[in-house]
Undergrad: 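To start, I am sharing the structure in question, which I have written as structure tokens.
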Amino acid sequence: MANLSTAYPDQAVIKLNSGLGFGTGEHLTTQLALLAMERYLTRPVKLADVGTGSGILAIAAAKMGQTDILATDISSQAIEAARENATLNQLTTIRFQQGNLLEGVSEKFDLICANILAEILQEFSENLASYLTENGVAILSGIETRATQLG
């Protein structure tokens with residue numbers, strides 16, 4: 001494995017093998033979500049990473065000191081990749097659940113993070129408030145998939 005280090009003492013290295021889970025941290029939507037999380041996570045919160053993919057947002061939250069984290073994904077392969085990445089980073093505070101968005105979850109969260117397809121975010125936003133605590137916040141970042149036809 002390469003020699004991993006950080007440029008600043010308050011930075012943390014995240015080890016990732018995306019496998020079949022989406023998310024390496026190099027996509028702009030992921031970077032923006034991580035920046036927003038860094039600004040918001042100044043105290044302990046109950047957090048959900050919806051559409052976790054490789055687990056990068058949940059792992060980053062744990063590296064920022066969060067201990068009450070739920071990571072969900074519709075794909076069993078993504079959940080497996082995210083679990084393996086949590087283990088790779090020696091993290092045990094992330095709970096994983098396979099499912100569509102937050103369906104079947106009865107908890108409320110102080111922070112919900114989702115970096116998923118824009119169309120799915122639109123669908124999710126219809127019920128988002130029912131999963132947030134009174135002063136809860138959502139960080140939503142999405143990838144547009146519609147293509148326009150030229151000609």
Undergrad: What is the distance from atom SG of C113 to atom CD1 of I56, rounded to the nearest 0.5 Å?
TA: 12.0 Å
Undergrad: Given side chains that start at C-beta, do those of D68 and F109 come closer than 4.5 Å, heavy atoms only?
TA: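 No - every pair of side-chain heavy atoms lies 4.5 Å or more apart.
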Undergrad: Can you name the nearest heavy-atom pair linking I79 to T52, along with the distance?
TA: CD1-CG2, 4.2 Å
Undergrad: May I ask whether I74 and L102 are part of the same hydrophobic cluster, defined by side-chain heavy atoms of I, L, V, M, F, W, Y residues being less than 4.5 angstrom apart, directly or through others?
TA: no
Undergrad: In Å and rounded to the nearest 0.5 Å, what is the OG1 to CG distance from T67 to L91?
TA: 11.5 Å
Undergrad: Determine whether F124 and I112 satisfy the following criterion, side-chain contact (heavy atoms from CB on, under 4.5 Å), listing intermediate values before the conclusion.
TA: CA-CA 11 Å; F124 183 46; I112 295 175; 4.0 Å; yes
Undergrad: Establish, from distance only, whether the side-chain atoms of S54 and N85 form a donor-acceptor pair under 3.5 Å.
TA: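 Per modelled atom types, S54 and N85 side chains form no pair under 3.5 Å.
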Undergrad: Nearest 0.5 Å please: distance from the CG atom of L57 over to the CD1 atom of I139.
TA: 8.5 Å
Undergrad: Atom CD in Q97, atom CD in E103: separation rounded to 0.5 Å?
TA: 11.0 Å
Undergrad: Given side chains that start at C-beta, do those of L101 and I116 come closer than 4.5 Å, heavy atoms only?
TA: yes
Undergrad: Can you confirm whether I94 sits close enough to D49 that some side-chain heavy atom of one is under 4.5 Å from a side-chain heavy atom of the other?
TA: no
Undergrad: Just verifying a value: how many Å separate Q66 CD and L111 CG, rounded to the nearest 0.5 Å?
TA: 8.0 Å
Undergrad: Quick one: closest heavy-atom pair of G142 and N115, and the distance?
TA: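 Looking at all heavy atoms of both residues, the shortest contact is N-OD1, 4.3 Å.
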Undergrad: Once rounded to the nearest 0.5 Å, what's the spacing between atom CG of D73 and atom CG of N100?
TA: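 Interatomic distance, D73 CG to N100 CG, rounded to 0.5 Å: 9.5 Å.
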Undergrad: What are the two closest heavy atoms between K46 and K108, and how far apart are they?
TA: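 So the two residues come closest at CD-O, 3.2 Å.
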Undergrad: Could you list the residues that satisfy side chain to side chain donor-acceptor pair (under 3.5 Å) with T133, not counting sequence neighbours?
TA: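 Result, side chain to side chain donor-acceptor pair (under 3.5 Å) vs T133: D110.
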Undergrad: Quick check on the hydrophobic clustering: are V105 and I120 connected, directly or via other members, by side-chain heavy-atom contacts under 4.5 Å?
TA: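 Result: yes, single cluster for both.
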Undergrad: Could you tell me which non-hydrogen atom of Q98 sits nearest to which non-hydrogen atom of S76, and how far apart they are?
TA: OE1-CB, 3.3 Å
Undergrad: Quick one: closest heavy-atom pair of A82 and I59, and the distance?
TA: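 Scanning both residues, the minimum pair turns out to be O-CD1, 4.5 Å.
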Undergrad: Could I get the full list of side chain to side chain donor-acceptor pair (under 3.5 Å) partners for E126, not counting sequence neighbours?
TA: none
Undergrad: Return the set of residues passing side chain to side chain contact (heavy atoms under 4.5 Å, CB included) with R43 (not counting sequence neighbours), or none when no residue passes.
TA: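 R43: side chain to side chain contact (heavy atoms under 4.5 Å, CB included) contacts with Y40, V45.
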Undergrad: Give the minimum heavy-atom separation between M37 and A61, together with the two atoms involved.
TA: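 In terms of heavy atoms, the two residues are closest at CE-CB, 3.7 Å.
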Undergrad: Do E84 and E80 touch side chain to side chain, with heavy atoms closer than 4.5 Å?
TA: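 Heavy-atom side-chain distance check passes, below 4.5 Å.
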